[in-house]
Amino acid sequence: MKVAEARKIFAKLRKELKPNCPLPKNKQKGKKSGYAYLTGIVNMLIEANCGGITCDYDPMQLTAITQNKFPVRTLSRRVDGAFPNVINPIAVWEIKEYYFTTTFGSRVADGVYETLLDGLELREVRENVNVEVEHYLIVDDYFTWWTLGRSYLCRIIDMLHMGILTEALFGKEVVTRLPEIVAGWVKKHEV
């Protein structure tokens with residue numbers, strides 16, 4: 001999506017869903033200051049589809065896997081969200097929205113690298129602790145990814161093939177795909 005379309009979808013969902021979840025602001029200044037549209041869209045869709053189960057929309061601590069109430073693994077960095085929380089999560093996700101970016105800089109490359117690191121750690125957890133944590137990457141801004149960053153899009157596809165990501169969602173795809181994904185999380189939570 002471009003920023004105008006993201007803003008429109010954000011406003012539509014906000015009006016329809018009347019969310020109680022956090023709707024964070026972006027880090028821009030002046031005319032570009034406003035909501036972090038993709039993050040807000042993701043948060044609203046998760047809240048609307050998680051059946052009232054709590055969700056950590058902004059973990060302020062590291063993700064940990066425990067067995068018999070003892071921590072066996074802790075990830076190196078904080079994720080953007082965890083369901084239901086960062087202790088033994090069913091799913092974690094990263095959101096990379098770059099609506100006001102005019103150049104393809106190291107910040108975008110760092111975001112891809114961070115996702116790779118998280119994925120490698122989660123794969124190690126799966127292989128050695130036998131715990132599966134779903135790992136999602138949600139990205140947007142047409143200009144950043146489809147004009148400037150195609151080589152990094154290839155890295156995201158590589159991560160899918162390497163089993164480092166469960167799924168990557170691009171732009172407005174979240175509107176249709178995320179409710180389906182969250183329904184799966186709810187079923188796992190009920191077991």
Side-chain angles (χ1 to χ4, degrees), residues 1-49 55-61 63 75-83 86 91-119 135-160 164-179 181-182:
M1 294 185 284
K2 295 178 180 174
V3 66
E5 186 173 11
R7 183 185 303 120
K8 186 176 177 182
I9 291 173
F10 174 89
K12 179 178 180 281
L13 289 173
R14 187 174 182 203
K15 183 177 180 181
E16 288 175 4
L17 301 175
K18 300 179 180 20
N20 293 311
C21 61
L23 299 176
K25 301 282 185 159
N26 65 31
K27 296 177 182 171
Q28 302 292 323
K29 296 179 181 173
K31 291 181 180 178
K32 296 177 182 177
S33 178
Y35 287 102
Y37 297 120
L38 184 62
T39 302
I41 290 168
V42 167
N43 289 357
M44 286 188 281
L45 290 171
I46 290 172
E47 181 184 57
N49 292 282
C55 178
D56 195 339
Y57 298 99
D58 186 21
M60 299 305 288
Q61 54 186 318
T63 302
L75 300 190
S76 299
R77 31 178 322 278
R78 292 186 310 195
V79 293
D80 289 340
F83 180 84
V86 292
V92 297
W93 57 93
E94 289 291 320
I95 302 170
K96 307 294 182 194
E97 60 178 289
Y98 300 103
Y99 294 121
F100 298 103
T101 299
T102 56
T103 61
F104 194 89
S106 61
R107 190 173 146 245
V108 180
D110 289 350
V112 172
Y113 177 74
E114 291 165 358
T115 301
L116 176 64
L117 174 64
D118 295 340
H135 181 214
Y136 295 89
L137 176 62
I138 303 163
V139 301
D140 201 19
D141 182 48
Y142 181 88
F143 179 71
T144 300
W145 293 102
W146 296 104
T147 303
L148 299 177
R150 288 186 188 156
S151 61
Y152 282 87
L153 282 175
C154 293
R155 290 296 301 131
I156 293 170
I157 302 304
D158 286 345
M159 287 190 277
L160 289 166
I164 288 173
L165 275 175
T166 303
E167 193 166 333
L169 303 176
F170 299 93
K172 62 184 168 189
E173 179 184 21
V174 295
V175 175
T176 55
R177 183 65 185 126
L178 198 52
I181 291 169
V182 175

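All figures in this text were calculated on a predicted structure; none of them were measured in a lab. Start at 1 with the first residue, then count along the sequence.
- For the pair Phe83 and Trp93, the tightest heavy-atom approach, listed with the atom from each and the gap, is N-CZ3, 3.6 Å.
- Inter-residue side-chain proximity for Tyr142 and Thr147 is flagged as met; some heavy-atom pair is nearer than 4.5 Å.
- For the atom pair CG (Leu165) and CD (Glu94), the distance works out to 10.0 Å, reported to the nearest 0.5 Å.
- Counting only heavy atoms from C-beta outward, the side chains of Phe143 and Leu148 approach each other to under 4.5 Å.
- We find the NZ-CZ distance between Lys2 and Arg7 to be 13.5 Å, quoted to the nearest 0.5 Å.
- Across Asn26 and Ser33, no two heavy atoms sit closer than the pair OD1-CA, 3.6 Å.
- Distance CG/Leu116 to CG/Leu137: 11.0 Å, rounded to 0.5 Å.
- If you take CE on Met44 and CG on Leu178, they are separated by 11.5 Å, rounding to the nearest 0.5 Å.
- Annotation: side chain of His135 is in contact with side chain of Thr115 (closest heavy-atom distance under 4.5 Å).
- Considering every non-hydrogen atom in both Cys55 and Ala82, the closest pair reads SG-O, 3.6 Å.
- Of all heavy-atom pairs between Pro59 and Val86, the closest is CB-CG1, 3.3 Å.
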Audit row: Cys21, Ile46, side chain to side chain contact (heavy atoms under 4.5 Å, CB included) steps and yes/no: CA-CA 9 Å; Cys21 61; Ile46 290 172; over 6 Å; no
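- Evaluation of the salt bridge (charged side-chain N to carboxylate O under 4.0 Å, His left out) rule for Asp58 yields no partner, not counting sequence neighbours.
- Between Pro19 and Leu13, every side-chain heavy-atom pair lies at or beyond the 4.5 Å cut-off.
- Residues Leu45 and Pro179 share a closest heavy-atom pair of CD2-CG, 4.4 Å.
- Annotation: side chain of Glu97 is not in contact with side chain of Asp141 (no heavy-atom distance under 4.5 Å).
- The CG atom of Leu169 lies 4.5 Å from the CD1 atom of Ile181; values are rounded to the nearest 0.5 Å.
- Looking at Leu153 and Trp146, their side chains come closer than 4.5 Å, going by heavy atoms from C-beta outward.
- Aromatic ring orientation, Tyr37 versus Phe10: perpendicular (interplanar angle above 60°, classes split at 30° and 60°).
- With contacts defined as side-chain heavy-atom distances shorter than 4.5 Å, the pair Asp140/Val174 does not qualify.
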Trace of the side chain to side chain contact (heavy atoms under 4.5 Å, CB included) decision for Ile9 with Lys172: CA-CA 8 Å; Ile9 291 173; Lys172 62 184 168 189; 4.0 Å; yes
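- Considering only heavy atoms from C-beta on, Tyr99 stays 4.5 Å or farther from Lys32 through its side chain.
- Pairs engaging residues 8-29 under the salt bridge (charged side-chain N to carboxylate O under 4.0 Å, His left out) rule: Lys12-Glu16 [sequence neighbours left out].
- Nearest approach of Ala168 to Ile156, heavy atoms of both residues: CB-CG2, 3.7 Å.
- For Asp118, the salt bridge (charged side-chain N to carboxylate O under 4.0 Å, His left out) partners are Arg77, not counting sequence neighbours.
- To the nearest 0.5 Å, atom CD1 of residue Ile95 and atom CG of residue Leu38 are 6.0 Å apart.
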